[in-house]
Amino acid sequence: MAEADSTKKESSNEEDDYMGDLSLFLPPQIPNPTKPSFNKIPDSKPITIQPSKKKFKNLNWQEQRKVERERKQQEEDEQTLAKIEAPIPQSNIGFKLLKQMGYTPGSSLGKEGAGRAEPLGLQIRRSRAGIGREDPYKEKRKREEIEAEMNRGKQEALMAEFGSRQKSQWHSRRVIINFNKAKAALDQLENKEVVVSEKDNEEGEQEGEEEEEITEEDLQDILLKLRDEYQYCLFCGFQYESQEALLSDCPGISEDDH
Amino acid sequence: MGTERKRKVSLFDVVDETSVSAKIAKSNGIGATMNNTNSSINGWNGKPYSQRYFEILEKRKTLPVWHQKDEFLQVLKANQVVILVGETGSGKTTQIPQFVLEGVDIETPDRRRKMMVACTQPRRVAAMSVSRRVAEEMDVTIGEEVGYSIRFEDCSSARTVLKYLTDGMLLREAMTDPLLERYKVIILDEAHERTLATDVLFGLLKEVLKNRPDLKLVVMSATLEAEKFQGYFNSAPLMKVPGRLHPVEIFYTQEPERDYLEAAIRTVVQIHLCEPLGDILVFLTGEEEIEDACRKINKEVSNLGDQVGPVKAVPLYSTLPPAMQQKIFEPAPPSLTEGGPPGRKIVVSTNIAETSLTIDGIVYVIDPGFAKQKVYNPRVRVESLLVSPISKASAHQRSGRAGRTQPGKCFRLYTEKSFHNDLQPQTYPEILRSNLANTVLTLKKLGIDDLVHFDFMDPPAPETLMRALEVLNYLGALDDEGNLTDLGEKMSEFPLDPQMSKMLVESPKYNCSNEILSISSMLSVKGVKCLGCHQQLSCLGSMPPAGMHHRILIPNCFVRPREAQKAADEAKARFGHIDGDHLTLLNVYHAYKQNNEDPTWCYENFVNHRALKSADNVRQQLVRIMTRFNLKLCSTDFNSRDYYVNIRKAMLSGYFMQVAHLERTGHYLTVKDNQVVHLHPSNCLDHKPEWVIYNEYVLTSRNFIRTVTDVRGEWLIDVAPHYYDLTNFPQCEAKRVLEKLYRKREKDRENRK
């Protein structure tokens with residue numbers, strides 16, 4: 001028995017792990033697949049309301065009324081809490097009378113002025129959650145907030161990732177383009193006369209390999225070579241007279257500088 | 001502190017007392033006849049001591065406080081203020097005042113009259129019962145040498161030397177005797193409870209002590225705030241008296257509980273199954289919860305079968321009828337079969353059982369850590385009565401309940417971390433949680449004009465005082481400079497909320513003072529459901545806050561037993577007046593009088609006889625005050641159309657600030673504060689009036705206004721034009737309605753011309 005139990009447990013554990021692993025490969029929580037994914041960020045509200053509405057339909061009228069009552073109570077509690085935020089205005093006769101007795105607005109009472117500055121606040125608990133645990137309603141709201149925050153964070157991260165991926169793709173494409181341009185320019189400058197067709201063919205053959213190999217450093221190397229040996233800046237598209245002219249007139253080595 | 005140093009007093013060591021009194025007799029000279037060396041004659045009344053006196057004396061000498069009698073008297077002799085700290089069961093409340101009588105010279109030059117010793121109590125019931133006990137111990141008749149004085153009842157005489165009185169009564173006495181010159185020693189008992197009146201007395205007595213070097217003050221408290229008291233009273237000496245407590249083992253939960261009620265029931269069952277014999281005390285927050293828990297406990301245990309001993313879960317809360325409350329003293333049920341597992345009694349209680357009631361046989365305490373607490377908020381003028389976490393001090397008090405008869409266990413349904421982090425050290429004193437309108441009026445009457453720098457132990461929030469000053473100003477008790485007016489002087493003489501006193505003072509102008517007197521007394525009884533609450537009339541009754549004094553309650557004048565709710569509601573409906581609850585109360589009072597105050601009639605009509613009797617008593621006291629001020633007692637002809645109109649207008653003259661307006665949305669908004677409120681379901685109106693006055697605005701499960709009566713908009717601008725001055729009114733529907741009323745008024749006036 002015990003063995004069987006333990007094996008069961010193990011297998012279930014395995015299963016759990018397996019599922020756990022699988023979940024890593026699942027797309028990150030898209031609750032409603034038909035929903036357009038990125039544009040509607042503040043979507044958390046409709047999501048949370050949906051299940052409660054569904055529940056609502058399944059409840060009998062008594063429970064429905066109870067849910068409704070609780071909702072009203074929550075609304076009212078929030079209103080009450082908001083109301084007690086506003087202090088008694090200075091125009092109030094009570095304020096004036098206390099001031100006449102020597103009260104300085106903003107201070108506290110007592111012989112040494114050590115009293116409370118504010119009246120005791122209200123703490124409304126509407127559940128039987130034990131001490132150290134928040135009201136489930138409050139907790140739920142907090143959880144929702146955290147979830148929404150996380151979702152937003154996730155989406156932002158995704159957006160950022162998406163952006164950066166696009167950017168890097170674009171960047172590497174630029175690198176290749178520029179490298180090719182630079183190479184052509186270098187060839188031109190080196191040979192003056194270029195056997196274009198030949199080169200092109202060669203390049204065409206090598207393209208596949210080169211595309212992967214060409215990195216920013218390669219580009220950097222070739223740009224530097226152009227600048228050092230020919231006072232040529234690819235992005236200015238201009239061969240300077242001297243190194244000094246290049247340094248003073250060209251805004252910089254990279255494309256971004258231009 | 002001193003017990004180790006003291007020699008042990010044998011049970012029969014009578015010498016101790018007589019030697020002390022002999023010593024005093026010698027030093028007094030005068031007292032020689034009083035403290036007769038012949039100890040069989042009672043020095044107080046010259047009668048021989050009864051047998052019972054000696055019996056009680058033996059028991060008294062076993063009380064922990066007796067071991068420190070000499071030490072206490074020495075400290076008292078050398079100091080003006082003494083702080084005495086002792087747990088429940090030390091005997092301080094009954095013994096210390098008697099020690100003081102023995103040790104302090106209370107003679108005056110006028111040999112016919114002696115000075116008095118006062119001992120204050122936060123609760124009326126305690127003042128009565130303790131004074132009776134002490135009279136017995138001293139072998140004198142209650143009301144003679146030992147007496148008591150509570151609101152609406154004075155049981156003392158010219159012979160009285162020791163008077164137990166509520167702290168509120170001592171405050172009232174100070175209004176006519178500012179230096180409290182009748183007293184030689186004042187003992188403030190249960191000071192740790194920090195009632196409103198005790199806190200005001202602290203500040204007041206500090207002043208009085210400066211002006212009266214011969215006056216002595218003893219502050220008695222449970223251990224909790226002793227150092228704070230010491231700091232406040234300029235490092236007065238502190239004496240400690242050990243209590244009679246057995247060790248209590250405390251258990252915490254590992255994780256916070258999801259549902260404290262479920263957890264409490266689960267714990268009860270666990271204790272019942274696993275722990276040795278002993279009764280259980282469970283602390284919960286209110287009537288419904290307690291009844292619910294009792295049902296569930298009985299059910300769950302009976303589901304366990306007969307292998308388990310039987311249990312009897314008994315509820316305890318303040319609105320429970322006294323006969324039902326007695327059930328907590330019944331023994332645990334016997335085992336079902338001979339030799340079977342023994343039964344257990346389980347008391348499920350509000351914090352009544354925290355300090356004011358001792359139940360023998362409790363070994364296990366279950367403390368979920370909650371209690372209902374009353375907090376007044378001056379910003380929206382709401383009194384909330386909500387479930388809140390208790391304080392560490394309360395938790396300590398609760399656990400102590402397990403160690404009254406033998407070592408016990410306390411199960412706290414929260415983590416140890418929560419105990420340290422989530423519970424505040426002390427329950428907020430009442431002065432921080434109360435509407436102070438009445439207190440400010442009292443302070444003004446006492447001649448304290450600088451409320452800003454008054455030496456409160458815990459100064460209230462400025463806004464609470466602002467609200468109080470505002471109310472008193474609108475009522476006309478204070479002028480615009482903050483000085484007490486003649487009206488204010490009169491109002492302060494009534495031991496009632498200022499709104500109610502104003503209504504009473506104004507009532508002859510509306511030709512209905514008799515009716516207003518009846519309504520006021522009925523409201524007082526209804527509001528002062530708690531006998532302990534002498535200061536604050538608007539206390540809410542049903543669930544007393546932690547560590548506070550509203551514990552023993554006079555039930556509402558309407559009785560609604562669980563088993564006959566429908567019949568009770570029908571009976572109540574027969575008294576109902578469609579225009580409002582105030583008028584319904586008046587009907588009840590009239591019917592009670594017409595039926596010759598017959599208890600049987602009360603019983604048949606689901607009316608609480610005790611409540612009505614005390615209302616009648618309150619009425620007599622109020623009539624006395626009215627006559628003292630030459631306020632006419634009058635009534636409008638009952639057949640006149642104005643009979644009820646006059647009454648309602650008179651009520652408005654005091655309660656014009658407690659008005660709500662019905663909005664088109666169907667909600668009521670309180671005037672000026674625009675707070676959404678609901679008519680309390682107990683109201684007896686048959687319609688939703690456009691304007692209502694209410695007796696109280698409370699936040700419980702919702703924002704409720706309770707005890708409401710229909711009034712007319714025109715009356716508002718007639719009776720209280722200064723409050724309904726629209727230049728000082730927030731934009732709202734009510735304002736627009738009032739604007740129309742003012743315009744109509746103008747037009748009528750022009751037409752008349």
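In what follows, chains carry the letters A, B, and so on, assigned in the order in which the sequence lines appear, proteins first and then strands, with residues in each chain numbered from 1.
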Using non-hydrogen atoms and a 4.5 Å limit, figure out which bit of A:Q123 sits close to chain B: side chain, backbone, both or neither.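 Backbone only.
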Check whether any side-chain heavy atom of [X] sits under 4.5 Å from a side-chain heavy atom of [Y], and report yes or no.
X      : Y      : value
A:M101 : B:L469 : yes
B:L451 : A:L109 : no
B:N674 : A:K83  : yes

Side-chain donor/acceptor of A:Q73 to backbone N/O of B:S701, under 3.5 Å: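 Checked: pair present.
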Between A:A117 and B:P462, which heavy-atom pair has the shortest distance, and what is it?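 So the minimum-distance heavy-atom pair works out to O-CD, 3.5 Å.
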For residues A:G132 and B:S418, report the shortest heavy-atom separation together with the two atoms involved.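 Here A:G132 and B:S418 meet closest at CA-OG, 3.4 Å.
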Test side chain to side chain contact (heavy atoms under 4.5 Å, CB included) on B:R467 and A:N92; report intermediate values, then the result. CA-CA 9 Å; B:R467 213 41 117 182; A:N92 184 290; 3.5 Å; yes
Highest number of heavy-atom pairs under 4.5 Å with chain A: which of B:E289, B:K417, B:E255, B:E262?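 When all of B:E289, B:K417, B:E255, B:E262 are compared, B:E289 has the most.
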I need the residue from B:V387, B:N421, B:D450, B:N473 with the largest number of non-hydrogen atom pairs under 4.5 Å to chain A.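 Of the candidates given, the most pairs with chain A belong to B:N473.
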Would you mind checking which part of B:N703 comes under 4.5 Å of any heavy atom in chain A, side chain (CB onward), backbone (N, CA, C, O), both or neither?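 Both backbone and side chain.
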Chain B interface, residue from A:E76, A:E85, A:K96 that has the most non-hydrogen pairs under 4.5 Å: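 Heavy-atom pair counts peak at A:E76.
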